[in-house]
Amino acid sequence: MTQTQLAAEPGPLSFAPARTALIVIDMQRDFLEPGGFGETLGNDVSLLQAAVGPCRIALGAARAAGMLVIHTREGHRPDLSDAPPAKILRGAPSRRIGDPGPMGRILIRGEPGHDIVAGLYPEAGEVVLDKPGKGAFHQTDLAQILQNYAIDTLMVCGVTTEVCVHTTIREGNDRGYRCVAIGDACASYFPEFHRVGLEMIKAQGGIFGWVSDANSFAEALTAAEQAA
Ligand code: C5J
């Protein structure tokens, strides 16, 4: 099986594209566009645009390499039966989960705001995973999907760095996956949290993963293609 080397921190990582999944976390209108969940929590959603271009690079490279691509969407059933009251009621947002907004009901499956942004839209055959929580393993069939494809390495990008990206990487690490944050393809409403969030992953010799970037990921896949 073809292996390739990824430039990463705290050190390079050898991986087999055939055993690797790209997971694009929650690049949804609800987080990236005005009027959605992110804005109701008082955030400047324009800050998340920084991740779109690098996510496109990572997605394009993964697609060209024939890798498993998984898109996640955070959201809830229309009857809110899967939404913990503590999540709905937490904080003091101007509009809460399930309430009507300019992109439909906030953070509800099937509503326009729940959809993935146009520039990163899933292609036919890619896995779209609906998750009720922050982590992509919580109450989803992700573990089964990764097992079925014999995946051992997760390349993770999306939003937000310190919430859903971090939670998913921590969950994956505890389940034995080698997890890499594609750092420039992640973003946060808090630039400092983004920076420190990436630092946390790779500190202590890579305490729960590695950090790389979209171009390095694409270069590693090109090298794998040339070696095959
Ligand atoms: C948040 C996420 N931040 N996708 N969700 O609530 O990170």
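For ligands, and for the atoms within them, numbers begin at 1 and follow the listed sequence.
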ask   = Is any N or O atom of Thr160, backbone or side chain, closer than 3.5 Å to an N or O atom of ligand 1?
value = yes
key: Cys164 N/O under 3.5 Å from ligand 1 N/O   = yes
query = Is the shortest distance from a Lys or Arg side-chain nitrogen in Asp26 or Lys131 to a carboxylate oxygen in the other one below 4.0 Å?
reply = yes
request  = Would you mind telling me if ligand 1 is within reach of the side chain of Val165, the backbone, both or neither, using heavy atoms under 4.0 Å?
outcome  = neither
task = Identify, for atom 5 (N) of ligand 1, the protein heavy atom at the shortest distance, and state residue, atom and that distance.
result = Glu74 OE1, 3.0 Å
query = Can you tell me if His194 and Ser188 form a side-chain donor-acceptor pair at under 3.5 Å?
reply = no
query = Is Ile25 close to ligand 1, meaning an N/O of one under 3.5 Å from an N/O of the other?
reply = no
query = Among protein heavy atoms, which lies nearest atom 6 (O) of ligand 1, and at what distance?
reply = Lys134 NZ, 2.7 Å
query = Would you say Glu126 has more than 12 foreign heavy atoms packed within less than 6.0 Å of its CD?
reply = yes
query = Does Leu89 offer a backbone N or O that forms a donor-acceptor pair with the side chain of Arg96 under 3.5 Å?
reply = yes
query = Does a side chain donor of either Glu219 or Asn215 reach within less than 3.5 Å of an acceptor in the other side chain?
reply = no
query = Are any of the N or O atoms of Lys131 closer than 3.5 Å to those of ligand 1?
reply = no
